[in-house]
Structure formats: C-alpha cells, structure tokens
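Please read these numbers as outputs of a predicted model, since none were measured by experiment. Just so it is clear: chains get the letters A, B, ... in the order the sequence lines come, proteins before strands, and each one is counted from 1. We use all heavy atoms of the structure for the numbers below, so side chains are in, but hydrogens, waters and symmetry mates are not.
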There are 2 protein chains.
Amino acid sequence: MTISEENYIKVIYHLAQVSPKGVSTNAIAGTLDTKASSVTDMLKKLADKNWVSYQKYQGVSLTESGLQKAKMIVRKHRLWEVFLVEKLGFAWDEVHEIAEELEHIQSEALISKLDDFLGFPTVDPHGDPIPNAKGEMVKEERIVLSEAPLHQAYRFIGVKDSSAGFLQYLDKQQIALGATIIIQEREDFDASLSVLINDKVLSLSQKIAENLFVKQG
Amino acid sequence: MTISEENYIKVIYHLAQVSPKGVSTNAIAGTLDTKASSVTDMLKKLADKNWVSYQKYQGVSLTESGLQKAKMIVRKHRLWEVFLVEKLGFAWDEVHEIAEELEHIQSEALISKLDDFLGFPTVDPHGDPIPNAKGEMVKEERIVLSEAPLHQAYRFIGVKDSSAGFLQYLDKQQIALGATIIIQEREDFDASLSVLINDKVLSLSQKIAENLFVKQG
DNA sequence: AAATAAATTTAGGCAAATCTAAAAATAGTT
DNA sequence: AACTATTTTTAGATTTGCCTAAATTTATTT
C-alpha cells in the first residue's frame with residue numbers, strides 16, 4: 001500500500017463518520033487538497049484492490065478490508081501522538097503533522113512494541129480512541145458541551161476540532177483534558193456559556209462549546 | 001528532498017568512506033538495487049540541486065551541503081536505532097530496516113527531542129558514531145580484531161558488517177558490545193584466532209575477526 | 001418539466017523515478 | 001597501439017499520482 005493510498009483510505013474513513021452512506025469525491029478532494037479528477041483516478045485503483053466499493057457518481061465507502069486498513073493507520077497515528085506527547089514532551093497542538101508522517105511506517109512489530117512501551121493507551125492526547133491490534137476500540141459515551149444541561153458536573157474528555165488554533169486557545173484558558181466543567185448559565189442570545197472549570201469561572205462561545213466533548217461525572 | 005534523493009545521498013556518503021576520490025555509478029546501483037541508467041538520471045538531478053559534484057564518467061562525490069544532508073540522515077537513522085533497541089526492546093539485528101523508514105521523517109524538532117529523550121547517545125547499537133545536530137561525531141580510534149596483536153586486552157566496540165546474519169552469529173556466541181577480548185593465538189594456516197572473550201575461550205575465523213572493531217583497554 | 005448549477009468523470013498531459021536496449025566512453029589486454 | 005571488455009550514458013517507454021479542460025451525470029431552480 002502506497003502512502004498516497006493510505007492517505008485516501010484514512011480520509012475516507014474519517015469522512016464516513018459524518019456521512020456514513022457514502023463519501024463524495026469533492027469531500028475527499030477538499031480534505032486532501034487535490035482535484036476531484038485526481039480523486040476519481042485513485043478511487044478506481046482503490047476499488048480494483050478491493051479496499052473501497054465505488055460506483056460512478058454515487059460516492060464511495062470502505063470495504064471490510066479497507067476499514068481494517070484504515071483502523072490500523074488511525075491506530076498508528078494515535079499511538080505515535082501519545083509517544084510524542086508522553087515521552088518526547090511535545091504539546092498536544094504540535095503532534096498532528098509529525099504523526100501524519102509516522103503513521104506510514106510499515107512495521108507491525110514496531111507498532112506492537114510501541115503500544116507495549118506506552119502501556120497500551122486507549123485514547124490519544126486529544127481524547128480520540130486508539131484501536132487495538134484487532135481494530136477494536138471503546139467508544140466512550142460523550143456529548144458536546146454545547147448540548148449539555150446546566151448545573152451538572154461533566155468531565156472534559158476530548159476535542160472535536162483538534163486544530164492547533166483551537167488547542168492553543170484551550171491551553172491559554174487552562175482547559176485541559178480531565179477538567180471538571182459545570183455549566184452555570186446558557187445565554188439565549190448567542191448560546192454562549194458561563195461555566196465553572198476546575199473552580200474557575202469562564203465564558204465560552206457556542207463555537208468553543210461545540211468542540212468540547214464531555215461525559216458525566 | 002524526496003525519499004529517493006535522500007537514499008541516494010546516504011548511499012553516496014557510505015560508499016565514499018571506502019572510495020573517497022569518487023563513487024562509481026555501478027557501486028550506487030548495486031547498493032540501491034537499481035540499474036546504472038537510473039543512477040545516472042538521479043545523479044544529474046542531485047548535481048542540479050548542488051548536493052553532489054558530478055562529471056560524466058568520472059564518478060560522484062558529495063558537496064559540502066550534500067555531506068551535511070547525509071550526516072543528518074545518518075543521525076536520524078542511528079538515533080532511531082538506539083530508540084528501537086533501548087526503549088522498545090528490539091534486538092540489534094532487527095532494527096536496520098525499520099530505521100531505514102524512520103530516517104526519512106522530516107521534523108527537526110522530533111529528532112532534537114528524540115536525542116534528548118535518549119540521553120544524547122554518541123553511538124548506535126552497532127557501535128557506529130551518531131552525528132550531533134551540527135553533524136559532528138567522535139570517530140573513536142579503533143582497529144579490526146584480525147589485525148590486533150596477541151596477548152593484549154581489547155574492548156569490542158563495534159561491528160564492520162552489521163547484517164542480521166553476522167549479528168545473530170555474535171549473539172549465539174554471546175559476543176556483545178563492550179566485551180573484553182584477548183587474542184591468545186593466531187593460526188598461520190587460515191588466520192583464525194583463538195581468543196578469550198569475557199574469560200571464555202573461543203575460536204574465530206578470519207572473516208569474523210575482520211568484522212569486529214576493537215580498541216585497547 | 002425544462003433549464004441552470006453543481007458535482008463527477010473522461011481525455012489527454014506532465015513530472016518523478018524507474019526500466020530496457022543501444023550508443024559512447026573508459027579501462028584492461030594482447 | 002589496437003582490440004576487447006567493462007562501465008557509463010543516452011534514448012525512448014512505463015507507472016504512479018497528479019493536473020487542466022471538456023464532457024457527462026446528478027441536483028436544484030424556476
């Protein structure tokens with residue numbers, strides 16, 4: 001499997017989370033920053049190799065074997081992110097690009113030993129689940145803060161948007177994974193929230209709140 | 001710099017250690033397992049980019065900037081090998097192929113933090129020196145065991161041949177880096193050696209002895 | 001239901017890195 | 001010095017992954 005093929009499979013996997021009935025050519029082109037015609041070319045190749053099922057004009061979805069491949073790429077990406085943050089001391093907003101390269105390293109043994117070395121983590125530094133060697137992962141029950149009811153204690157367990165900009169905003173506000181959040185008030189006008197995070201009062205815009213995954217407790 | 005360009009630069013660097021006046025097209029082709037015509041093509045590209053000086057039919061050598069690039073690739077390769085052995089628990093005969101992939105990961109920050117994490121090692125698991133961030137490395141005074149005089153205490157500090165086969169032979173004989181070696185006798189007939197390694201008597205063929213780097217003490 | 005817009009595919013090309021086969025240059029040998 | 005063998009380069013093709021421009025299909029409006 002070439003790096004390019006891996007990138008397509010991975011992107012299709014991620015886009016399929018949002019549109020499970022079929023991923024569009026344009027969506028892939030947008031994500032990979034290529035042209036739609038290039039995507040069409042590649043989809044034919046991927047279909048020939050049986051990693052996607054593809055019908056002209058009808059979008060594309062992963063086959064069982066494509067899905068497995070995708071999960072292994074995601075597994076590698078997230079394990080490397082844990083390594084970069086936990087062992088090398090990178091900040092959580094610095095690791096994505098490096099992991100994009102590392103995820104294409106081919107050795108099975110490497111990933112297995114890395115997993116062991118890291119203590120078999122189940123989530124990456126952004127709270128995303130890490131598939132195990134079989135591709136299984138625990139999807140924690142979680143909601144976005146913007147939809148959580150008032151006056152309940154929540155734990156901040158993941159980000160929806162993991163762009164450097166958003167992560168740096170959270171750093172600046174000292175909002176870290178594991179923080180306890182209680183919504184005190186929701187503004188009718190702009191849906192912004194007044195919250196108590198680790199006993200400090202903060203105001204969060206709707207856009208921020210939409211990108212914070214929380215769970216009860 | 002593409003992965004292919006990096007591989008050429010690295011191979012030229014290694015071959016230049018043996019033939020410093022100019023590396024031949026065929027030697028490169030042999031090492032990279034490609035055809036001479038492919039090498040010629042690439043040498044033109046590398047010369048255009050000023051990483052090698054190349055004159056038709058006269059072989060090739062690295063420019064100052066090519067040499068610097070080569071050292072950074074070697075640095076990355078060897079640091080990753082240390083990581084694989086010291087942190088992930090790979091054997092010294094298992095790491096070469098994986099490091100061949102890892103050496104092409106592009107982040108400066110990654111290598112700098114990896115170096116730090118590993119405690120700024122100066123040699124890799126095979127005893128080869130690791131260039132620092134500036135490209136400097138300490139070349140330890142060393143000789144091959146086959147040329148060492150009798151009855152002196154030597155320390156085994158590196159292998160000349162780092163193929164898996166040779167390394168596995170050394171494992172089987174329990175000859176590890178750091179071992180103390182004293183030559184008791186050199187056979188006239190086949191130049192084989194009777195040696196004392198960590199107080200055990202062993203017989204080493206000339207071919208073995210030629211591939212063991214030792215230093216006095 | 002046409003007409004227009006948007007999305008997708010096809011056709012034809014390009015650059016990188018490789019190849020084979022033939023030509024040219026260098027090295028080795030009688 | 002001439003001939004042969006070896007090495008190296010050139011010429012022309014191939015594959016992968018991408019592109020532009022044009023054609024086609026699907027979706028959206030009037």
Counting heavy atoms not belonging to A/Gln55, are there more than 12 under 6.0 Å from its CD?
no

With a sphere of 6.0 Å drawn around CD of B/Gln17, does it hold more than 12 non-hydrogen atoms of other residues, nucleotides or ligands?
yes

Round to a whole Å and report the spacing from [atom1] of [X] to [atom2] of [N].
X: A/Ile3; N: D/dC18; atom1: CD1; atom2: C1'; answer: 16 Å
X: A/Gln58; N: D/dT26; atom1: CD; atom2: C1'; answer: 8 Å
X: A/Ile9; N: D/dG17; atom1: CD1; atom2: P; answer: 12 Å
X: B/Tyr54; N: D/dT7; atom1: OH; atom2: C1'; answer: 11 Å
X: A/Lys56; N: D/dT25; atom1: NZ; atom2: P; answer: 8 Å
X: A/Tyr57; N: D/dT25; atom1: OH; atom2: C1'; answer: 4 Å
X: B/Asp41; N: D/dA13; atom1: CG; atom2: P; answer: 15 Å
X: B/Asn26; N: D/dT6; atom1: CG; atom2: C1'; answer: 9 Å

Would you please name every residue forming a side-chain contact (heavy atoms from CB on, under 4.5 Å) with A/His77, sequence neighbours left out?
A/Glu81, A/His96, A/Ala99, A/Glu100, A/Glu103

What pair of heavy atoms forms the shortest contact from B/Gln68 to B/Lys134, and how long is it?
NE2-O, 2.9 Å

So which atom in A/Met42 and which in A/Ser4 form the shortest heavy-atom distance, rounded to 0.1 Å?
CE-OG, 3.5 Å

Starting at the 5' end of DNA chain D, which residue's closest nucleotide do you reach first, B/Gln55 or A/Met42?
B/Gln55

Does a donor on one side chain sit under 3.5 Å from an acceptor on the other, for A/Trp80 and A/Asp124?
no

With respect to the phosphate group of [N], does any side-chain polar atom (N or O) of [X] fall under 4.0 Å of OP1 or OP2?
X: A/Ser4; N: D/dC18; result: yes
X: A/Lys35; N: D/dT20; result: yes
X: A/Tyr8; N: D/dT16; result: no

From the 5' end of DNA chain C to its 3' end, which nucleotides mark the outer limits of contact with chain B, defined by a 4.0 Å heavy-atom distance cut-off (strictly under)?
C/dA16 to C/dT26

By the 4.0 Å heavy-atom rule, please label A/Ser37 as base, sugar-phosphate, or nothing.
base

For the residue pair B/Tyr169 and B/Phe166, does the interplanar ring angle fall in the parallel (under 30°), tilted (30 to 60°) or perpendicular (over 60°) class?
parallel

Counting only distance, no hydrogens or angles, is the base of D/dT9 paired donor-acceptor with the side chain of B/Thr25 under 3.5 Å?
no

